[in-house]
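Structure first, commentary second.
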There are 2 protein chains.
Amino acid sequence: MEGPRVGVLARRISESTVRRLSFYLRILEEAELGGVGTISSEELAERAATTAAQVRKDLSLFGSFGKRGLGYAVRQLATELRDILGLDRSWRVALVGAGRIGSALFEYPGFRRRGFEIVAVLDADPNKQGKCWRGVLVRDVAELEHVLRAERVEIVILAIPAPAAADVSARAVAVGVKGILNFAPMQLRVPAGVAVKDVNMVMELEALSFALTQAGRTPWG
Amino acid sequence: MEGPRVGVLARRISESTVRRLSFYLRILEEAELGGVGTISSEELAERAATTAAQVRKDLSLFGSFGKRGLGYAVRQLATELRDILGLDRSWRVALVGAGRIGSALFEYPGFRRRGFEIVAVLDADPNKQGKCWRGVLVRDVAELEHVLRAERVEIVILAIPAPAAADVSARAVAVGVKGILNFAPMQLRVPAGVAVKDVNMVMELEALSFALTQAGRTPWG
DNA sequence: CCCGGCTTGTGAAGTTCTTCACAAAGATAG
DNA sequence: CTATCTTTGTGAAGAACTTCACAAGCCGGG
């Protein structure tokens, strides 16, 4: 009804834009809960800690969703963004690594709320295998290929130590997984067409350390 | 002995550069363990999934650490990078939120290994308060200011739900904390001079969802 | 001691991302 | 119905980041 979606996507969308789109969506959903019907790029920008021009530019990459003089319809824009981000469906996710981080991720309600369903859990430790986590059996990581296929897994979360990550990643890719969320502190090598996102908490702390160190070294600290 | 450190830092260092520096450091430490004495920008680039020119540019922002015709001395460059990143010391960290994520973070050995010492844990839940985690008492978050001051905390990790994050963040900043690692899915507002890093796992999954959705929509999927 | 091969450090060019600024268009009031 | 006010969408300008390309410097061999 509005601008075309698919055709527009010839241009490459930057990672920062995608990150902001996620952010806008979260803000819109909050606003909708608060009963807000319409929102301007200015308001959206303020809550997302960016500029109004940036908001409009980001959205304009995918179409024309606003009304001049009025702003954006909150509910409609949220729907558009969910559609753009591929969140208008659910994703079948496997969690590899049933240690502390894996277990925290499994219990985290935010994933399911967004349609990411953890349909399989795997671990190399025999003591963890066979346990049942809220209806999901913890399987042997040796069965990875079988489980991924049987459960039609699309995204794999790696919550395992670095040395094991490369192997598991390669095997997952080999059976057709196209998305990996990697918590292991190492760079995964994947063929083109496979998306990897890294979450590296130590690196984030190191960036803080750098910032704090700089502050101490510069006069405007 | 080499180029000056402090003087060079007039120019702003981009976030991506800092991220890569952390990465280089990790690679160098691996190489050192492997007994490698010298490494070229080319090799470093390959392992960090970037380009040789990028590596040299990043490093050149802080000085001249290499030898032409030879490369970089692994051990020496690692030391330089630790110094640049402020990792030649230890940091006193408080963890707010003793839930699943908080507990996983507390147990994660990577933090301590890099000099980030969790010297205080706080939670709002009376059932968790009073417990002892490896020698660290879980305190009431109501005592935040007192604990942060008493323990001389420099960095706070927020592993609490979004609604509580803004309040705790403001109180931490008020007693002089200059660095915050935020796991809550919300944008914190902090005054200039305070560094915030966000870790948002749902957003990372959403970025994967976008990438996978795009792949399906484009011919070169 | 000199020469050829290799690798750094860095201006310049190229690319990508962000901000500016304004025409176009819908809303509202009179 | 017109005038005015608001806000979008978007070329163009500007800023930031990356890649190129090459002079300068170091090493090892003859």
Side-chain angles (χ1 to χ4, degrees), chain A residues 1-5 7-24 28 31 36-74 76-77 80-81 84 207, chain B residues 1-5 7-21 23-24 28 31 36-74 76-77 80-81 84 207 210:
Chain A
M1 188 171 264
E2 292 284 343
R5 172 80 24 72
V8 181
L9 292 178
R11 66 197 93 174
R12 221 187 94 67
I13 305 301
S14 78
E15 209 161 317
S16 10
T17 294
V18 176
R19 188 169 294 269
R20 283 191 299 266
L21 292 179
S22 288
F23 213 150
Y24 302 154
L28 289 167
V36 179
T38 245
I39 194 168
S40 69
S41 58
E42 192 76 49
E43 294 172 81
L44 209 38
E46 197 194 331
R47 300 209 210 175
T50 180
T51 67
Q54 183 73 78
V55 171
R56 296 199 298 272
K57 191 64 104 179
D58 286 337
L59 296 177
S60 79
L61 295 172
F62 297 92
S64 287
F65 307 123
K67 281 212 175 71
R68 295 173 188 223
L70 194 61
Y72 300 88
V74 171
Q76 182 215 324
L77 185 55
E80 293 283 0
L81 285 181
I84 289 168
Chain B
M1 187 172 264
E2 293 284 344
R5 172 80 25 72
V8 181
L9 292 179
R11 66 196 95 174
R12 222 188 93 67
I13 304 299
S14 78
E15 209 161 317
S16 12
T17 293
V18 176
R19 186 169 296 268
R20 283 191 299 266
L21 292 179
F23 212 150
Y24 302 155
L28 289 167
V36 179
T38 245
I39 194 167
S40 69
S41 58
E42 192 75 50
E43 294 172 81
L44 209 37
E46 197 194 332
R47 300 210 210 174
T50 180
T51 67
Q54 183 74 77
V55 170
R56 297 200 298 274
K57 190 65 104 180
D58 285 338
L59 296 177
S60 79
L61 295 171
F62 298 92
S64 286
F65 306 122
K67 280 211 176 70
R68 296 175 189 223
L70 193 61
Y72 301 87
V74 170
Q76 182 215 324
L77 184 56
E80 293 284 0
L81 285 181
I84 290 168
F210 176 78

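As a basis for the values below, the full set of heavy atoms in this structure was taken, side chains included, without hydrogen atoms, waters or symmetry mates. Predicted model only: the values in this text are computed from it and were never measured. Residue numbering restarts at 1 for every chain, and letters A, B, ... go by the order of the sequence lines.
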(request) Specify the closest pair of heavy atoms between A:Leu70 and A:Thr38, including all atoms of both residues, with the distance to one decimal. (result) O-CG2, 3.7 Å

Distances for protein N/O vs nucleotides 28-30 of chain D N/O pairs under 3.5 angstrom?
none

(message) Taking only side-chain N and O atoms of A:Tyr72, does any of them lie within less than 4.0 angstrom of OP1 or OP2 on D:dT6?
(response) no

(request) Specify the separation, in whole Å, of atom CD of B:Glu15 and atom C1' of D:dC17. (result) 13 Å

(request) Using a 4.0 Å cut-off on protein heavy atoms (strictly under), produce a 5'-to-3' string for nucleotides 18-23 of chain C with B for base contact, S for backbone-only sugar-phosphate contact, and - for none. (result) SBBB-B

(message) A:Arg19 vs A:Phe23, test: side-chain contact (heavy atoms from CB on, under 4.5 Å). Steps then yes/no.
(response) CA-CA 6 Å; A:Arg19 188 169 294 269; A:Phe23 213 150; over 6 Å; no

(message) Rounded to whole Å, how long is the line connecting atom CG of B:Leu70 with atom P of C:dC6?
(response) 13 Å

(request) Take B:Leu28 and B:Leu44, measure what side-chain contact (heavy atoms from CB on, under 4.5 Å) needs, and give me the verdict at the end. (result) CA-CA 8 Å; B:Leu28 289 167; B:Leu44 209 37; 4.3 Å; yes

(message) Rounded to whole Å, please give me the gap between CZ in A:Arg19 and P in C:dC17.
(response) 14 Å

(request) State whether B:Ser41 places a side-chain N or O below 4.0 Å from either non-bridging phosphate oxygen (OP1 or OP2) of C:dT7. (result) no

(message) Suppose we screen for side chain to side chain donor-acceptor pair (under 3.5 Å). Which residues come up paired with A:Thr50, at least two apart in sequence or across chains?
(response) none

(request) Measure the distance from CG on B:Leu59 to C1' on C:dT8 and round it to the nearest whole Å. (result) 10 Å

(request) Over all heavy atoms of both residues, which pair between B:Thr51 and B:Ala45 is shortest? Give the atoms and the distance, please. (result) C-CB, 3.3 Å

(message) Side chains of B:Glu15 and B:Val18, heavy atoms from C-beta outward: is any pair under 4.5 Å?
(response) no

(message) In this structure, how many angstroms lie between the P atom of D:dC17 and the CZ atom of A:Arg12, rounded?
(response) 17 Å

(request) Please step through side-chain contact (heavy atoms from CB on, under 4.5 Å) for the pair A:Tyr72 and A:Leu59, ending with a clear verdict. (result) CA-CA 11 Å; A:Tyr72 300 88; A:Leu59 296 177; 3.7 Å; yes

(request) Take A:Tyr24 and A:Leu77 through the test side-chain contact (heavy atoms from CB on, under 4.5 Å) and record every step on the way to the result. (result) CA-CA 9 Å; A:Tyr24 302 154; A:Leu77 185 55; over 6 Å; no

(request) Starting at atom CD of B:Glu43, determine the distance to atom P of C:dC6, rounded to an integer number of angstrom. (result) 14 Å

(request) May I have the distance from A:Leu44 (atom CG) to D:dT7 (atom P), rounded to whole angstrom? (result) 13 Å

(message) Given 3.5 Å as the limit, does a donor-acceptor pair link the side chain of B:Glu43 with the main chain of B:Ser40, or not?
(response) yes

(request) Rounded off to whole Å, could you give me the CD1-to-C1' distance for the A:Ile39 and D:dT8 pair? (result) 14 Å

